[in-house]
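Note that the coordinates shown come from a computational prediction; the quantities given were computed from them, not determined experimentally. In what follows, chains are A, B, ... by sequence order, proteins preceding strands, each numbered from 1.
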2 protein chains.
Amino acid sequence: MAFRYPDGRKFEPKRNEMTKKSVNKDARFSNRGMTLEEDINETNEYYLAHQVAVIHKKPTPLQIVNVHYPSRSAAVVTEAYFQKPSTTDYNGVYKGRHIDFEAKETKNKLSFPFKNFHDHQVEHMKRVLDQGGIAFAILRFSYTDEVFLLEATHLIRFYEERDHTRKSMKKKDIEHFGYLIPLGFHPRIDYLKIVDKLITGS
Amino acid sequence: MAFRYPDGRKFEPKRNEMTKKSVNKDARFSNRGMTLEEDINETNEYYLAHQVAVIHKKPTPLQIVNVHYPSRSAAVVTEAYFQKPSTTDYNGVYKGRHIDFEAKETKNKLSFPFKNFHDHQVEHMKRVLDQGGIAFAILRFSYTDEVFLLEATHLIRFYEERDHTRKSMKKKDIEHFGYLIPLGFHPRIDYLKIVDKLITGS
């Protein structure tokens with residue numbers, strides 16, 4: 001399912017935000033078919049449970065227009081609209097450092113489309129860097145199930161260099177400037193191992 | 001307007017999350033009648049515009065059950081339910097430090113009710129402190145329009161000492177252990193001035 005914002009941009013609702021009924025339960029028992037978001041959420045739950053870090057996904061921003069109040073015990077939102085996020089989706093704190101990132105995946109084999117990112121999100125990453133936070137993107141190539149951490153400095157540069165003919169980042173640039181995150185079972189995407197390198201190197 | 005979660009707890013929808021139509025426009029031109037959330041949001045916008053800090057309110061978490069897709073250009077959420085937040089409402093980064101806080105107000109004159117806080121939020125604050133983040137509550141006594149910053153260490157202690165007879169914090173304890181935030185026009189609630197003291201003292 002995919003919807004569009006009023007300006008025509010696509011919105012892909014995240015599976016775990018939809019009702020449980022729409023989730024394919026069989027998919028839970030294997031890593032295949034997991035969305036990147038589910039893998040990141042599971043990783044963050046692992047970090048939280050093991051007191052490694054406190055990192056959460058922000059809720060999807062909605063403009064609430066009507067709320068129905070059928071009984072004392074519950075309220076139902078009956079009209080709301082998706083809003084474009086003005087920040088990254090994930091943030092939190094790790095070893096005293098502010099962590100801020102966006103996670104995106106593509107089915108492309110050799111490039112990562114810029115359309116996955118909004119101007120506001122890239123602007124937000126710049127601001128986080130200016131304040132001394134750690135900002136990056138987690139990028140999955142779903143065809144090969146490779147997951148990269150790309151520091152915001154590089155993402156911002158690629159984003160600003162894009163033009164009408166160049167609407168994506170080359171995979172080889174992501175391989176060169178980013179870090180391949182080794183995938184595991186628990187946690188699935190141990191991106192803080194890479195963040196440790198960034199902290200040590202900074 | 002106030003609604004209840006399925007477990008019977010109250011949810012107070014924030015004014016700026018409702019449709020613009022429900023906002024009393026006259027209230028915008030004076031500080032009186034502004035909710036604490038509006039004042040904090042305005043303060044955070046000031047910080048953002050002046051490159052002082054990057055701090056945002058998290059969207060209200062909603063469980064989306066049904067989305068109607070009337071045309072190519074828009075999607076309407078037609079059924080969603082309020083979820084209890086598992087973190088604080090505000091977070092971000094300031095001078096390299098992770099900032100995490102909750103903002104609440106009361107009409108009481110001499111005490112601040114604990115019912116404004118959830119177990120999960122207090123637990124979240126503990127975790128943020130363990131990771132070296134800066135966590136606190138901003139508490140407004142609306143009758144006198146006094147706003148205090150109370151560090152999470154004190155809030156957690158008060159919260160854990162509560163019992164059946166003691167369901168609130170005493171205002172004099174908040175005055176003693178917290179910091180009165182001087183109110184201004186722009187920004188309205190300059191809480192980072194107090195955070196500066198906490199950073200210097202830590």
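Every side-chain hydrogen bond (donor to acceptor under 3.5 Å, both in side chains) that Asn44(B) has, sequence neighbours left out, goes to Tyr191(B). Remark: Lys193(B) pairs with Asp190(B) by the side-chain hydrogen bond (donor to acceptor under 3.5 Å, both in side chains) rule, at least two apart or across chains. With sequence neighbours left out, His50(B) forms a side-chain hydrogen bond (donor to acceptor under 3.5 Å, both in side chains) with no residue at all.
The closest side-chain heavy-atom distance from Val93(B) to Asp100(A) is not below 4.5 Å. Between Ile64(A) and Leu62(B), the closest side-chain pair of non-hydrogen atoms falls below 4.5 Å.
Annotation: the span from His68(B) atom NE2 to Thr78(A) atom OG1 amounts to 13.0 Å, rounded to 0.5 Å.
Within 6.0 Å of CD on Gln51(A) lie no more than 12 heavy atoms contributed by other residues, nucleotides or ligands. More than 12 heavy-atom neighbours from other residues, nucleotides or ligands sit within 6.0 angstrom of CG on Leu180(B).
Across all non-hydrogen atoms, the minimal contact from Gly92(B) to His98(A) is O-ND1, 3.3 Å. The shortest non-hydrogen separation linking Ala75(A) to Tyr81(B) is O-CD2, 3.5 Å. Among all heavy-atom pairs drawn from Pro59(A) and Pro61(B), the shortest one is CB-CA, 3.8 Å.
Against chain A, the residues from residues 126-136 of chain B that qualify, each with a non-hydrogen atom under 4.5 angstrom away, are Arg127(B), Val128(B), Gln131(B), Gly132(B), Gly133(B) in number order.
Thr87(B) touches chain A through its side chain: at least one heavy atom from C-beta onward sits under 4.5 Å away, while N, CA, C and O do not.
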